[in-house]
Amino acid sequence: MPRGERRYTVAQADQLLPSLRDVLRSLLAEVGGATDPGAVGLLQAVEGHNGGGAAAAAMLEAGQRVEREMAFLRRHGILLRDLEAGLVDFPSEREGVPIFLCWRLGEETVGFWHGRDQGFTQRQPL
């Protein structure tokens, strides 16, 4: 376990879920905006010219919002595993053994865990 890593109880992880839901929904929306093929095409069309206009500004703003949301995850030590699935892990321990509490967007509470060397498919109910 990395030195200084925060370890969550189920209650502590559950307490963050309202904010975490907002963060994940925002990330899902913003990543799409930051990588929109139409906007990327417009930027490529003006590459080498001055600016990029509204498309560049929109992508920059979306990127800044993504960075703010990712900062929330880093600040809380929450590991984003799959953005599209809204899957995150909270560092924790079970009977003195380091584990991850596993949660996915759409679940009401944190109800699963898995070993540090395992993933979503090996998660078990608490």
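- In this structure, CG in Asp117 is found 9.5 Å from CZ in Phe100, a value given to the nearest 0.5 Å.
- Note that CG of Leu17 is 5.5 Å distant from CZ of Phe90, once rounded to the nearest 0.5 Å.
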Steps toward side-chain contact (heavy atoms from CB on, under 4.5 Å) verdict (Leu27, Met70): CA-CA 8 Å; Leu27 279 171; Met70 293 302 294; 3.9 Å; yes
Stepwise side-chain contact (heavy atoms from CB on, under 4.5 Å) test for Leu105 and Leu28: CA-CA 11 Å; Leu105 191 59; Leu28 283 164; 4.1 Å; yes
Thr109 vs Val10, side-chain contact (heavy atoms from CB on, under 4.5 Å): CA-CA, chis, key distance, verdict: CA-CA 9 Å; Thr109 60; Val10 174; over 6 Å; no
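- Between Glu69 and Arg25 there is no salt bridge, since none of the side-chain N atoms of the basic residue sits less than 4.0 Å from a carboxylate O of the acidic one.
- Residue Cys102 comes nearest to His114 through the heavy atom pair CB-CD2, 3.6 Å, listed as atom of the first residue, atom of the second, then distance.
- In terms of hydrophobic clustering, with Ile, Leu, Val, Met, Phe, Trp and Tyr side chains grouped at heavy-atom distances under 4.5 Å, Leu73 and Leu87 are assigned to different clusters.
- Interatomic distance, CZ of Phe120 versus CG of Asp89, reported as 10.5 Å (0.5 Å rounding).
- Of all non-hydrogen atoms in Glu107 and Phe112, the two that sit nearest each other are OE2-CE1, 3.9 Å.
- Arg81 contributes no side-chain N or O that, together with a main-chain N or O of Val88, makes up a donor-acceptor pair within less than 3.5 Å.
- In plain terms, the two heavy atoms of Tyr8 and Ala13 that are nearest each other are CD2-N, 3.9 Å.
- The minimum heavy-atom distance linking Pro91 with Gly77 is given by the pair CD-O, 3.2 Å.
- Remark: Leu101 CG to Asp14 CG distance equals 9.0 Å, nearest 0.5 Å.
- Hydrophobic cluster membership differs between Leu79 and Trp103, with clusters built from Ile, Leu, Val, Met, Phe, Trp and Tyr side chains linked at under 4.5 angstrom.
- Heavy-atom contacts from other residues, nucleotides or ligands closer than 6.0 Å to CD of Gln15 number 12 or fewer.
- Rounding to the nearest 0.5 angstrom, the gap separating the CZ atom in Arg21 from the OG atom in Ser26 is 15.5 Å.
- In plain terms, the two heavy atoms of Arg104 and Arg123 that are nearest each other are NH2-NH2, 4.2 Å.
- Atom CZ of Phe72 sits about 5.0 Å away from atom OG of Ser19, to the nearest 0.5 Å.
- Between Leu83 and Leu24, the closest heavy-atom pair is CD1-O, 4.2 Å.
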